[in-house]
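Below: one structure, written as structure tokens.
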Amino acid sequence: MGTLVVLLLVLAAIGGAVVLARRAGERRELERQRAELAPVQRLASEDITALGEELQALDLDLAGRDLDAGARADYQRALDAYEAAKTAADAMVRADDVRHVTEILEDGRYAMACVRARVAGDPLPPRRPPCFFDPRHGLSVTDVPWTPAGGTTREVPACALDAERVHAGAAPDARMVMVGSQRVPYWQGGRAYAPYASGYFGAFSPMDWMFAGLLFGGLGGFDALGSGFDALGDGIGGLGEGIGDGIGAIGDGVGDMFGGFDF
């Protein structure tokens with residue numbers, strides 16, 4: 001009978017250790033998600049504000065003009081995108097959710113480009129990806145060869161101004177984000193910014209290769225590999241902590257168990 005009691009108490013201690021380890025892992029994951037969400041939310045808010053300012057400028061340009069049905073439809077599409085992006089941003093609970101926001105913003109900017117083309121009597125612009133260096137620059141107009149620091153040369157889509165800068169050997173006007181106390185281009189911001197780029201460029205499947213070995217690290221594959229090892233290290237650390245908690249719980253349970261016996 002005594003042996004059965006000991007066995008039951010040990011099993012209970014092990015079960016408690018498993019629960020503690022699982023809760024510790026869930027807590028760490030929640031903390032990681034919160035830490036990643038805040039800066040990405042700010043980024044999304046800034047991009048939405050930029051689209052709103054562009055819509056205001058477009059509204060001034062269109063004042064007093066008679067728009068045809070196509071221009072009115074594209075203009076309404078851009079307005080709807082602005083409102084939808086705000087709604088999607090408010091609903092974000094994880095950094096990954098920013099993908100929905102930037103998908104909407106990309107569509108809204110294309111709709112605006114269509115409005116301007118219709119008003120000017122020009123053909124509708126081809127559906128090109130946004131400017132790689134800063135998606136807020138709008139549709140790209142060409143692809144330019146660009147070499148990131150320590151990386152390999154690749155063709156990236158660029159707006160007219162950034163294309164001019166690259167061809168002149170100057171630094172493009174990159175979208176900067178804060179990582180700790182340092183400002184870096186968004187493609188060096190870490191894994192939390194990958195969905196941000198995916199929303200803008202995910203519809204352009206030929207663009208996938210452009211980010212290979214670049215997102216999200218400034219030294220090509222080395223930084224990407226480093227991020228992978230960091231994530232692996234976090235996982236191993238979390239596992240070790242969970243096991244440690246579990247062993248502690250087992251020790252406490254066994255200690256309590258034997259504390260009830262007289263030897």
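Fair warning: this is a prediction, and the values are worked out from it, not measured in the lab.
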*asked:* Any carboxylate oxygen within less than 4.0 angstrom of a Lys/Arg side-chain nitrogen, looking at Arg116 and Asp122?
replied: no
Are the side chains of Val144 and His167 in touch, meaning some heavy atoms are under 4.5 Å apart?
-> yes
Do the side chains of Leu58 and Leu105 join up, straight or via other hydrophobic residues, at under 4.5 Å, putting them in one cluster? yes
d(Asp162 CG, His137 NE2) to nearest 0.5 Å is 5.5 Å
Side-chain contact, heavy-atom cut-off 4.5 Å: Pro125 with Leu139? yes
Value for CG (Asp47) from CD1 (Ile104), rounded to nearest 0.5 Å, stands at 12.5 Å
Could you check whether any side-chain heavy atom of Tyr186 comes within less than 4.5 Å of a side-chain heavy atom of Pro135, counting everything from C-beta outward? yes
Do other residues, nucleotides or ligands put more than 12 heavy atoms under 6.0 Å from Asp68 CG? yes
Original post:
Would you say Val156 and Arg154 make side-chain contact, with heavy atoms under 4.5 Å?
Top reply: yes
Looking only at heavy atoms, the pair that brings Ala174 and Pro185 closest together is CB-CB, 4.4 Å
Notebook entry, point to check: Does a side-chain heavy-atom distance below 4.5 Å link Tyr196 with Leu43?
Noted result: yes
>> Are Leu37 and Val177 linked, directly or through intermediate hydrophobic residues, by side-chain heavy-atom contacts shorter than 4.5 Å (ILVMFWY only)?
In response: yes
* **Cluster overlap Tyr200 with Leu161, hydrophobic side-chain contacts below 4.5 Å** => no
Checklist line | N/O donor-acceptor pair under 3.5 Å between Thr49 side chain and Ser45 backbone | finding: yes
Q) Charged N to carboxylate O under 4.0 angstrom, Asp74 versus Arg118? A) yes
Cation-pi, Tyr110 ring and Arg127 (6.0 angstrom, 45 degrees): yes
On a heavy-atom basis, the closest approach of Thr142 and Ala163 is CG2-CB, 3.8 Å
Heavy-atom closest pair (Ala81 atom, Gly108 atom, distance to 0.1 Å) is CB-CA, 3.6 Å
Taking NZ, NE, NH1 and NH2 as the nitrogens, is one of them in Arg136 or Glu53 under 4.0 Å from a carboxylate oxygen of the other?
-> no
Separation between CG (Leu51) and CD (Glu106), nearest 0.5 Å, reads 11.5 Å
Closest heavy-atom pair, Ala44 versus Val101, reported as atoms and distance to 0.1 Å, is CB-CG1, 4.1 Å
**Message:** If you define the side chain from C-beta out and look only at heavy atoms, does anything of Val98 sit under 4.5 Å from Met92?
**Reply:** yes
Check: So Phe132 and Trp187, would you call those rings parallel, tilted or perpendicular, with 30° and 60° as cut-offs?
Finding: parallel
Self-check item: Stepwise side chain to side chain contact (heavy atoms under 4.5 Å, CB included) check, Leu55 with Met112
Solution: CA-CA 8 Å; Leu55 282 168; Met112 290 177 60; 3.9 Å; yes
Test item: side-chain donor near acceptor, Tyr75 and Asp80, under 3.5 Å = no
Value for OG1 (Thr87) from NE2 (His100), rounded to nearest 0.5 Å, stands at 13.5 Å
Heavy-atom nearest pair, Val166 first then Pro145, reads CG1-O, 3.4 Å
Does any part of the side chain of Cys159, heavy atoms only, come nearer than 4.5 Å to the side chain of Ser140, both counted from C-beta?
no
| query | Under a 4.0 Å N-O cut-off, is there an ion pair linking Asp143 with Arg128? | reply | yes
Practice problem: Please examine the side chains of Glu83 and Leu79, heavy atoms only from C-beta on, and report whether any two atoms are closer than 4.5 Å. | Solution: no
Interatomic distance, CD@Gln41 vs CD@Glu46, rounded to 0.5 Å, equals 12.0 Å
Exercise for the section: Using the rule that two of Ile, Leu, Val, Met, Phe, Trp, Tyr join whenever any of their side-chain heavy atoms come within less than 4.5 Å, decide whether Phe201 and Trp146 are in one cluster. Expected result: yes
Taking every heavy atom of Ile48 against every heavy atom of Ala89, the minimum-distance pair comes out as CD1-CB, 3.6 Å
To the nearest 0.5 Å, atom CZ of Arg183 lies from atom CE of Met176 at 5.0 Å
- Task: Tell me whether Leu67 is reachable from Tyr82 by hopping between hydrophobic residues (I, L, V, M, F, W, Y) whose side-chain heavy atoms are closer than 4.5 Å.
- Result: yes
So, Asp97 side chain and Val93 main chain: donor-acceptor pair closer than 3.5 Å or not?
yes
